[in-house]
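Values below: all heavy atoms of this structure, side chains included; hydrogens, waters and symmetry mates excluded. For ligands, and for the atoms within them, numbers begin at 1 and follow the listed sequence.
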Amino acid sequence: MSILVTGGTGFIGSHTAIELLEKGEEIVIVDNLCNSKIEMCDKIKEISGKDFKFYKVDLLDRENLEKVFKENDITEVIHFAGLKAVGESCEKPIEYYHNNITGTLVLVDLMRKYKCKNIVFSSSATVYGKPKELPIKEDFPLSTTNPYGTTKLMIEQILTDIHKSDDEWNVIILRYFNPIGAHESGEIGENPNGIPNNIMPYINYVAADKLDHLNVFGNDYDTPDGTGVRDYIHVVDLALGHLKAIDKIRKMNGQVEIYNLGTGQGYSVLELVQNFEKANGIKIKYEIAERRPGDIAACYADPSKAKNELGWVATRNLEQMCRDSWRYTEKNLK
Ligand code: NAD
Ligand code: UDP
């Protein structure tokens, strides 16, 4: 009996794989390595001290994906695999819809064929669009502003419809807020290609003198200091949320459940910068710039459903997230 982890060599998948292995779960990882490296497999094995099977397979490649189901007794799937860059999704909508949606359809079709009807899916707070109020609860209205977000919303709908057609399916949708940080070993973390779009890798590049300064996108938002507020969550806390989701799905009896995974606490861009400086003793040069199109003022979770039903809470604070991010970057960014 194994858990199939799609996208398991990626940022969140690799951290989750380690926690699953350390807990004693058997896992199989499938990844096409379009946004991760094969070396990650050795790192996961080294850190966890456990072995697992890896298949370099694209979810769109039904024939080879089927081999994974034939050769292993897959009982649950944690589905991380997908393309995730918002800007790129606007330039390449066909690639994003094909990869994320078709990839998921091939996966769930094989799950049905091999009678594995338990799936945990990586969704995002982006599906809440511009929230009507804060903090955000799972039953808030949903909307999206870019193809990436729309793939998340469509997959949520697809999984819900599959459950409606066959109530043996158990579906857990996890809506992540802003994952940052890295494993405390400093061995694995976030490694974006090119100039980072997201704030934490960007701050790290400035700290490493790879970029001159951070552009703070807007200081005239309706927030305490005018800069954007987000719910940053340590990637290891997020990974642990998946272990709780697996515990829960094993007890479910034909259900769809949705959980916000966030800390419930919002921090502004300037607060994030201050925490990074304090945690690492490095000054971060920044300049106030124009607002970034499509950004919202503030976004943070009400994580109480995950606390009450999964028994999960995030425990790592912002300083720890900043310390762990920098430890990884310092070690790995040459
Ligand atoms: P990531 O890019 O590091 O990991 C995704 C992995 O999926 C990569 O290793 C990539 O090679 C693989 N992949 C992509 N398409 C594939 C395909 N067709 N077949 C096989 N493998 C494929 O991203 P991440 O940050 O670890 O995100 C994991 C999931 O969480 C994604 O679905 C993402 O949309 C979602 N998510 C991420 C964030 C975030 O800020 N990182 C926030 C909300 C939701
Ligand atoms: N941000 C910023 N400068 C950057 C990148 C991001 O000021 O170079 C801000 C952005 O406007 C938002 C917050 O940082 O308020 C988080 O942005 P990120 O892209 O990391 O995540 P998002 O919440 O957009 O998914």
Could you check which of [options] puts a non-hydrogen atom nearest to [atom]?
atom: atom 31 (C) of ligand 1; options: F80, F11, Y55; answer: F80
atom: atom 9 (O) of ligand 1; options: I29, D31, L238; answer: D31
atom: atom 21 (O) of ligand 2; options: V216, N178, L211, T126; answer: N178
atom: atom 2 (O) of ligand 1; options: L59, V127, N35, T102; answer: N35
atom: atom 20 (C) of ligand 1; options: N32, L107, T9, I78; answer: N32
atom: atom 15 (N) of ligand 1; options: V5, N99, V235; answer: N99

Geometric N/O contact R230 with ligand 2, under 3.5 angstrom: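 Such a contact does occur with ligand 2.
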
Polar contact flag for G228 and ligand 2 (N/O pairs, less than 3.5 Å):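 Min N/O separation from ligand 2 is not below 3.5 Å for G228.
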
Ring centre gap for Y286 and H213 strictly below 6.0 Å: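 No - the distance between ring centres of Y286 and H213 does not fall below the 6.0 Å cut-off.
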
For [X], is at least one N or O under 3.5 Å away from an N or O on ligand 1?
X: K152; answer: yes
X: L83; answer: no
X: S124; answer: no

Can you find a side-chain donor-acceptor pair between [X] and [Y] that sits under 3.5 Å?
X: N191; Y: Y328; answer: yes
X: N308; Y: Y259; answer: no
X: T263; Y: D231; answer: yes
X: Y148; Y: E88; answer: no

Per-residue contact class, V57 against ligand 1 - non-hydrogen pairs under 4.0 Å: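 Near ligand 1, V57 shows its backbone, while the atoms from C-beta on stay back.
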
Mode of E190 contact toward ligand 1 - side chain, backbone, both, neither (heavy atoms, under 4.0 Å):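 It is neither; nothing of E190 touches ligand 1.
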
Plane angle bin for H15 and H183 - parallel if under 30°, tilted between 30 and 60°, otherwise perpendicular: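 Ring orientation, 0 to 90° scale: tilted.
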
Whether Y176 and F80 hold their rings parallel, tilted or perpendicular, with breakpoints at 30° and 60°: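 Answer is tilted, since the angle falls between 30° and 60°.
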
Sole candidate of I119, L107, T75 that passes side chain to side chain contact (heavy atoms under 4.5 Å, CB included) when paired with L4: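 Of the listed residues I119, L107, T75, the side chain to side chain contact (heavy atoms under 4.5 Å, CB included) partner of L4 is L107.
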
Around [atom], find the nearest protein heavy atom and jot down its residue, atom name and distance.
atom: atom 26 (O) of ligand 1; value: I12 N, 2.8 Å
atom: atom 5 (C) of ligand 1; value: G82 O, 3.9 Å
atom: atom 34 (O) of ligand 1; value: Y148 OH, 2.6 Å
atom: atom 24 (P) of ligand 1; value: K84 NZ, 3.8 Å
atom: atom 16 (C) of ligand 2; value: Y232 OH, 3.5 Å
atom: atom 17 (O) of ligand 2; value: R292 NH2, 3.4 Å
atom: atom 30 (O) of ligand 1; value: Y176 CE1, 3.3 Å
atom: atom 40 (O) of ligand 1; value: P179 CD, 3.3 Å
atom: atom 9 (C) of ligand 2; value: V269 CG2, 3.7 Å

Enumerate the atoms of ligand 2 whose separation from the nearest heavy atom of [X] is less than 4.0 angstrom.
X: F217; result: 1 (N), 2 (C), 3 (N), 4 (C), 5 (C), 6 (C), 7 (O), 8 (O), 11 (O)
X: N197; result: 5 (C), 19 (O)
X: N215; result: 2 (C), 3 (N), 4 (C), 7 (O), 8 (O)
X: D295; result: 10 (C), 11 (O)

Are side-chain heavy atoms of [X] and [Y] found at a separation under 4.5 Å?
X: K285; Y: L214; result: no
X: K113; Y: E66; result: yes
X: R250; Y: E76; result: yes
X: H234; Y: L240; result: no

Which atom of P131 lies closest to which atom of A298, heavy atoms considered: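 Minimum heavy-atom separation between P131 and A298: CG-O, 4.1 Å.
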
Closest heavy-atom pair and its distance - P135, D302: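 Closest approach of P135 to D302, heavy atoms only: CB-N, 3.6 Å.
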
Mode of [X] contact toward ligand 2 - side chain, backbone, both, neither (heavy atoms, under 4.0 Å):
X: Y205; value: neither
X: I199; value: both
X: N198; value: both

Should you measure from each heavy atom of [X], which atoms of ligand 1 turn up under 4.0 Å away?
X: G10; value: 3 (O), 4 (O), 9 (O), 26 (O)
X: S122; value: 29 (C), 30 (O), 32 (O), 35 (C)
X: S123; value: 43 (C), 44 (C)
X: L33; value: 11 (O)
X: G7; value: 6 (C), 7 (O)
X: C34; value: 10 (C), 11 (O), 13 (N), 14 (C), 15 (N)

Check against side chain to side chain donor-acceptor pair (under 3.5 Å), K305 and N260: CA-CA 7 Å; K305 186 169 180 237; N260 284 339; over 6 Å; no

Full working for side chain to side chain donor-acceptor pair (under 3.5 Å) between S268 and D225: CA-CA 7 Å; S268 73; D225 66 18; 2.6 Å; yes

Quiz item: cation-pi between K132 and F140, 6.0 Å / 45°: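 Yes, K132 and F140 form such a contact.
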
Test: R291 cationic atom under 6.0 Å from Y221 six-membered ring centre, within 45° of axis: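 Checked: cation-pi criterion met.
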
Ligand 1 contact by G103, heavy-atom criterion under 4.0 angstrom: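 Contact check G103 vs ligand 1: negative.
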
Whether M40 lies under 4.0 Å from ligand 1, heavy atom: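 No; M40 lies far enough from ligand 1 that no heavy-atom distance drops under 4.0 Å.
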
Evaluation steps, side chain to side chain donor-acceptor pair (under 3.5 Å), between H79 and S122: CA-CA 6 Å; H79 180 29; S122 301; over 6 Å; no

Identified side chain to side chain donor-acceptor pair (under 3.5 Å) counterpart of S123 within the set K152, R175, E156: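 Between S123 and the candidates, side chain to side chain donor-acceptor pair (under 3.5 Å) is satisfied uniquely by E156.
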
Test salt bridge (Lys or Arg N to Asp or Glu O under 4.0 Å) applied to K23 and D247, step by step: CA-CA 12 Å; K23 192 182 169 219; D247 289 345; 2.9 Å; yes

